[in-house]
Visitor: 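The structure is given below, and queries will be raised subsequently.
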Amino acid sequence: MLHDSQVRTCSPQGRFAAGAARLAGTALVSTDAHGKHLFHGYRTPDGEPLWLHVHLGLYGRFSAGDPPAPPPVGQVRLRWRTDRCYLDLRGPAACHLVTPDEKVDLHARLGPDPLRPDADPSPAGDRMSRSRVPVGQLLMDQSVIAGVGAAYRAEVLFRLEIDPHCPGRSLDRATWLAIWKDLRELMAYGVRAGRIDTVRPEHTPEAMGRPPRVDRHGGEVYVYRRASLPCLVCGTPVRAGVLAARNLYWCPRCQS
DNA sequence: TAAGTATGTTAAG
DNA sequence: TTAACCTACTTAC
């Protein structure tokens, strides 16, 4: 949307005023994402490259619209404007300009991202196979595998009938590769659809004659945020707990 | 009006 | 292991 356009940037909130000033008048020439980290590559009129690093964290959001951009509502950290659109960023955990070296360092701290076509699942599989840490915790470790969060963790483990508490090293290689393959498909779908849907066709609301999910996160899922509700497969109440400092949901019957 | 919640990460203790 | 960060929205009172 912003690609190849010269952008006008500002920080209505003021917390990124210096960065917005440096970006003003640059053109977006590339984008890159690794896990939950987003990078914008800009080029100044002088030809100087600038990288913007954004991480939405827990509350960050983008919102976009057609020009003219309305007066900013709430805490807008960074606003972009081009002739064709505007884009607002609120509440990010990170919004900084970084050097190419700093960008390299960030990539080095992250494991393979199932959404990147060149990603190699082997190092993550090696980490799993050597670790006594629960698989539900390893999947949240961004240095093991990048991009999985609490929702995909819960859903992929349900789909493969794996107890989130079982040690990583109790999974064999084929099981790890099945997790990786399922994550690739689920996450690629999520990018296309703009929401997280993980239920198989036979468990959709239409197929089961149940009402669609009412949840502000949208998306049809098996266990995520379904604590105490009946498992869509076996009817056992979905259990909830905390693992890796995030809410965990699982079916004690299907995943044992 | 206040309290609680959230697809997250980092640093301090 | 806990708290801090940060924003918008929902629910409780």
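We name chains A, B, ... by the order of the sequence lines, and we start the count at 1 in each one.
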Visitor: Please tabulate, one pair per line, each protein N/O and nucleotide N/O from nucleotides 2-5 of chain C that are separated by under 3.5 Å, including the distance.
Guide:
none

Visitor: Is it the case that the ring center of Phe39(A) lies less than 6.0 angstrom away from the ring center of His55(A)?
Guide: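 No.
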Visitor: Of the residues in residues 141-150 of chain A, which ones touch DNA chain B at a heavy-atom distance under 4.0 Å?
Guide: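 Those residues whose heavy atoms fall under 4.0 Å from DNA chain B, taken from residues 141-150 of chain A in numerical order, are Gln142(A), Gly149(A), Ala150(A).
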Visitor: Return no unless some side-chain N or O of Tyr152(A) is found under 4.0 Å from OP1 or OP2 of dT7(B).
Guide: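 Indeed not, no polar side-chain atom of Tyr152(A) lies that close.
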Visitor: Please state whether the phosphate of dT7(B), meaning OP1 or OP2, lies under 4.0 angstrom from any side-chain nitrogen or oxygen of Lys36(A).
Guide: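 No, Lys36(A) has no side-chain N/O under 4.0 Å of OP1/OP2 on dT7(B).
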Visitor: Would you mind listing every side-chain hydrogen bond (donor to acceptor under 3.5 Å, both in side chains) that reaches into residues 151-167 of chain A, with sequence neighbours excluded?
Guide: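 Those involving residues 151-167 of chain A are Glu155(A)-Thr198(A), Arg159(A)-Asp182(A), Asp163(A)-His165(A).
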Visitor: Report yes or no: do Thr99(A) and Asp101(A) form a side-chain donor-acceptor pair below 3.5 Å?
Guide: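 No, no side-chain donor-acceptor contact under 3.5 Å.
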Visitor: So which nucleotide does dG13(B) pair with, by the Watson-Crick or G-U wobble rule with both distances under 3.5 Å?
Guide: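 The answer is none; no pair meets the criterion.
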Visitor: Looking only at atom C1', what distance separates dT7(B) and dT1(C), rounded to whole Å?
Guide: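 Per the computed distance, 23 Å lies between those C1' atoms.
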Visitor: Taking only the side-chain heavy atoms of Gln75(A) (C-beta and beyond), determine which of dT7(C), dG8(B), dA6(B) contains the nearest atom.
Guide: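 Looking only at side-chain atoms, Gln75(A) lies closest to dT7(C).
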Visitor: It should be established whether Arg109(A) places a side-chain nitrogen or oxygen under 4.0 Å from OP1 or OP2 of nucleotide dT10(B).
Guide: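 For dT10(B), OP1/OP2 do have a side-chain N/O of Arg109(A) under 4.0 Å.
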Visitor: Nearest whole angstrom, please: distance from the C1' of dG8(B) to the CG of Leu248(A).
Guide: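 It is 16 Å, rounded to the nearest whole Å.
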Visitor: Whole-Å distance between dT9(B) P and Arg153(A) CZ?
Guide: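 Going from CZ in Arg153(A) over to P in dT9(B) covers 11 Å.
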Visitor: Please find out if less than 6.0 Å separates the ring center of Trp51(A) from that of His96(A).
Guide: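 No - the distance between ring centres of Trp51(A) and His96(A) does not fall below the 6.0 Å cut-off.
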Visitor: Counting any heavy atom closer than 4.0 Å, what does Arg246(A) reach on the DNA or RNA strands: base, sugar-phosphate only, or nothing?
Guide: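 Base, at least one base atom sits under 4.0 Å.
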Visitor: Report which part of the nucleic acid Gly219(A) touches: base, sugar-phosphate, or nothing (heavy-atom distance under 4.0 Å, all strands).
Guide: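 No contact.
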Visitor: Taking only the side-chain nitrogens and oxygens of Arg61(A), find out if one of them lies under 4.0 Å from OP1 or OP2 of dT7(C).
Guide: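 It does not, given that no N or O in the side chain of Arg61(A) lies less than 4.0 Å from OP1 or OP2 of dT7(C).
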Visitor: Expressed as a whole number of angstroms, how long is the span from Asp88(A):CG to dT7(C):C1'?
Guide: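 Distance, rounded to whole Å: 14 Å.
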Visitor: Would you say that more than 12 heavy atoms from the other residues, nucleotides or ligands in this model lie under 6.0 Å from the CZ of Arg210(A), or not?
Guide: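 For Arg210(A), atom CZ is crowded (more than 12 foreign heavy atoms under 6.0 Å).
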Visitor: Using the rule given for salt bridge (charged side-chain N to carboxylate O under 4.0 Å, His left out), can you reason through Arg184(A) versus Asp113(A), listing the C-alpha separation, both sets of side-chain angles and the distance that settles it, and then say yes or no?
Guide: CA-CA 9 Å; Arg184(A) 285 193 105 141; Asp113(A) 175 350; over 6 Å; no
Visitor: So for atom CZ, which belongs to Arg200(A), do other residues, nucleotides or ligands contribute more than 12 heavy atoms lying within a distance under 6.0 Å?
Guide: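 It does: Arg200(A) CZ has more than 12 such atoms within range.
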Visitor: With a 3.5 Å cut-off and no angle check, do the side chains of Ser143(A) and Asp141(A) form a donor-acceptor pair?
Guide: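 Their side chains do contain a donor-acceptor pair, which is all the 3.5 Å distance test asks for.
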Visitor: Taking only the side-chain nitrogens and oxygens of His55(A), find out if one of them lies under 4.0 Å from OP1 or OP2 of dT9(B).
Guide: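 Looking at the OP1 and OP2 atoms of dT9(B), one of them is under 4.0 Å from a side-chain N or O of His55(A).
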Visitor: On a whole-Å scale, what distance lies between the C1' atoms belonging to dT10(B) and dA8(C)?
Guide: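 My reading of the C1' atoms in dT10(B) and dA8(C) gives 22 Å.
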Visitor: For the P atoms, the ones on dT5(B) and on dC13(C), what distance do you get once it is rounded to whole angstrom?
Guide: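 It works out to 12 Å between them.
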Visitor: Between His37(A) and His53(A), which heavy-atom pair has the shortest distance, and what is it?
Guide: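 What the structure gives for the nearest pair is ND1-NE2, 2.9 Å.
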